[in-house]
Amino acid sequence: MDEQIHERVRDVIRSIPAGQVATYGDVAAVAKAPSPRIVGRILAEDGHDLPWQRVLRANGTPAPHLADEQLQLLREEGVAILDGRIDFAAHRWEESPAARAKAEDDSQPGLF
DNA sequence: CTGGTGACCGAGG
DNA sequence: GCCTCGGCCACCA
């Protein structure tokens, strides 16, 4: 159900290490979300207690209205920001085995 | 049911 | 670099 997506997306975002970033598309993929848009929606509604600053758009730029706050928070985490966009080459969060295992485990049949 | 909207993505000109 | 189009899915009037 959509609530499962909701939980998974939050879980994935929570698993993003400090100093690293991921795109909405990546989060959607790992969280098994049907579409990146859903990730955005979930963050907008229930991302207040999550490290939402680590989620960026595919081109490396944060969302328009949050850009200021986001960039500042990221800077505090030690993320390199070049001309308003994040340095993907240095901080892009790759689907680490742990994260994938977590996602896999979450989708394991028989648990539910 | 339709239509509009959104913290999106990718391809093509 | 720019803009446009289409697709994606959940939510609401």
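Worth knowing before you read on, the calculation uses all heavy atoms, side chains too, and leaves out hydrogens, waters and symmetry mates. Convention: sequence-line order gives letters A, B, ...; per-chain numbering from 1.
Each of A/L50 and A/L56 belongs to its own hydrophobic cluster when Ile, Leu, Val, Met, Phe, Trp and Tyr are linked at side-chain heavy-atom distances under 4.5 angstrom. Cluster membership check: A/L43 shares its hydrophobic cluster with A/L73, using side-chain heavy-atom separations under 4.5 Å among Ile, Leu, Val, Met, Phe, Trp and Tyr. Cluster annotation: A/V21 and A/W52 are assigned to distinct hydrophobic clusters (Ile/Leu/Val/Met/Phe/Trp/Tyr, side-chain heavy-atom contacts under 4.5 Å, transitive).
Within 4.0 Å of A/A58, counting heavy atoms only, lie sugar-phosphate atoms of the nucleic acid but no base atom.
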What pairs of donor and acceptor atoms, side-chain ones from residues 80-89 of chain A against any protein atom, are under 3.5 angstrom apart with sequence neighbours left out?
from, atom 1, to, atom 2, distance (Å)
A/D83, OD2, A/R85, NH2, 3.1
A/D87, OD1, A/A89, N, 3.3

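Rounded to whole Å, the separation between the P atoms of C/dG6 and B/dA7 comes to 22 Å.
Take the nearest nucleotide of DNA chain C for A/E45 and for A/R37: the residue whose nucleotide is more 5' is A/R37.
A heavy atom lying under 4.0 Å from DNA chain B marks none of the residues of residues 83-92 of chain A.
Across every non-hydrogen atom of A/Y24 and A/A63, the tightest pair is OH-CB, 4.4 Å. Shown here for A/A58 and A/T23, the closest heavy-atom pair between the two residues is CA-CG2, 3.9 Å. Nearest heavy-atom pair, A/E77 versus A/Q53, reported as atom, atom and distance to 0.1 Å: OE2-NE2, 3.5 Å.
Put simply, chain A comes within 4.0 Å of DNA chain B, heavy atom to any atom, from B/dG6 to B/dG10, going 5' to 3'.
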- Message: Between A/R10 and A/D49, does the side-chain contact (heavy atoms from CB on, under 4.5 Å) criterion hold? Intermediate values first, please.
- Response: CA-CA 9 Å; A/R10 293 177 45 147; A/D49 59 308; 3.5 Å; yes

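We find that CD of A/Q4 is positioned 13 Å from P of C/dA10, with the value rounded to whole Å.
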